[in-house]
Amino acid sequence: MSSLAKNYKRRNLSFVKGKGSYLYTYKGIRYLDFVQGIAVNSLGHTNPNLVRAINNQSKKLWHVSNSFKIPEGEELAKKFTNKTFADSVIFQNSGAEATEAAIKVARRYFYSIGKPKKNRILCIKNSFHGRTIAAINASGSKKMIEGFGPKVGGFDHFKFGNHKEFKKKITDKTAAIMIEPIMGEGGIKVIPTWCLKEIRKICNKKKILLILDEVQCGIGRSGKFFSFEYANIKPDIVPIAKGIGGGFPIGAVLMTKKVSKAMVPGTHGSTFGGNPLAMSVGNAVMNEIFKKGFLSKVKSNSKYFISELNKIKNKFPKIIKEIRGVGLILGIQLYKDQSKFIESLLKNKLLTIRAAENVIRILPPLNVTKKEINLALKIITKVCSDYKNL
Ligand SMILES: *Cc1c(COP(=O)(O)O)cnc(C)c1O
């Protein structure tokens, strides 16, 4: 009997080793891992550069308090501000903490300019921003909130794609609109670029801050460093996490100078956030992702992957409804429940993970090879051929 609580339905499958796109069981059975800890291992398992970085730092210094200057964190923050819209960064340890910090920054900004009543956050119904009490209330998902009352106030919701409701829910109390440009858990639903542009315009007009949750779709996952770059817009606040640490827990909130001014000493903190060990790994990850040609490779692999997936869809039009996604955050939407399909992919040694709306989520490492993509395509085709027998 496991001593772990039952808050996860776990498969009876464990791994002892990982290398790049592959995982190995203790019997040496190899799986092609297109989950990568849910978009976390951006450079695959045990990337040699990351192993080196963590080894080196682990011999020097692991943790000091944020009351001291941490050069490794200065360096990582500088990488983000040099390459993105952001002027400053606060480090955290996870996505939920990053989205919470984003909410805090937005509220504190309006407080600091004498508008403390402008504090409501407008989100998409059934979105995903993490599992803390505030984050589940931000999601507006009945399933996630159930049993965790009282409800945390200050959040409003509109349905994905319902523009009329979206505009109606904006009031002079709206401090920020917080959305995922690509909804990961929600079924790889991409917010069109014209729509993001329009939202930015509305935010400008009504003096509302735009928070774009790039925890899952950021850090090169979409083929751009941030997925919102496709829309050519600038947000005010961006929580990130998953892919930054390549498997080491790191979160962060990126922000403009305008809003960061409100985050004066004492307004926010984190014991672990931004410690030297985490920051060293983060720096090593970013060195790879910011390398010339890295993101264009993500894009070309994505183009190939998506076009081949669409060929499979055309071959099996009664099984696959839609191929979704951008870059290497992809989804195969089925007409029916996807559980058996995912099970069959697993039996054929391909790991994937579900998302809402009957979607099979595919999240290979960003440095996946064409050969590995071809292997996945072969397995997906086989499972489609076997589908009527599932
Ligand atoms: C995973 C995720 C989070 C929460 O991240 P945790 O590290 O699990 O707390 C928040 N927002 C989005 C979009 C995510 O995909």
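As the structure lists them, so they are numbered: ligands from 1, and atoms in each ligand from 1.
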Exercise. To which residues is I188 joined in a hydrophobic cluster, defined by side-chain heavy-atom contacts under 4.5 Å among Ile, Leu, Val, Met, Phe, Trp and Tyr, whether direct or through other members?
Worked result: L13, F15, L23, I29, Y31, V35, I38, I182, V190, Y230, V326, I329, L346, L351, I353, V359, L363
Seminar exercise, completed: Within the heavy-atom cut-off of under 4.0 Å, ligand 1 is lined by S94, G95, A96, F128, H129, G130, E180, D213, V215, Q216, K242
For this session: Dump the intermediate steps for side chain to side chain donor-acceptor pair (under 3.5 Å) on Q92 and H268, then the final yes or no.
Result: CA-CA 10 Å; Q92 306 279 158; H268 189 60; 2.6 Å; yes
For this session: With the side chain counted from C-beta on, respond yes when E165 and K169 share a heavy-atom pair under 4.5 Å apart, and no when they do not.
Result: yes
Exercise. If you measure from the Lys or Arg side-chain nitrogens to the Asp or Glu carboxylate oxygens, is any gap between R324 and E357 under 4.0 Å?
Worked result: yes
Exercise. Judged by atom type as modelled, is there a donor-acceptor pair below 3.5 Å linking the side chain of Q57 to the main-chain atoms of A53?
Worked result: no
For this session: Go through N55 and R52 one step at a time and tell me if the side chain to side chain donor-acceptor pair (under 3.5 Å) criterion holds.
Result: CA-CA 5 Å; N55 273 340; R52 201 175 310 119; over 6 Å; no
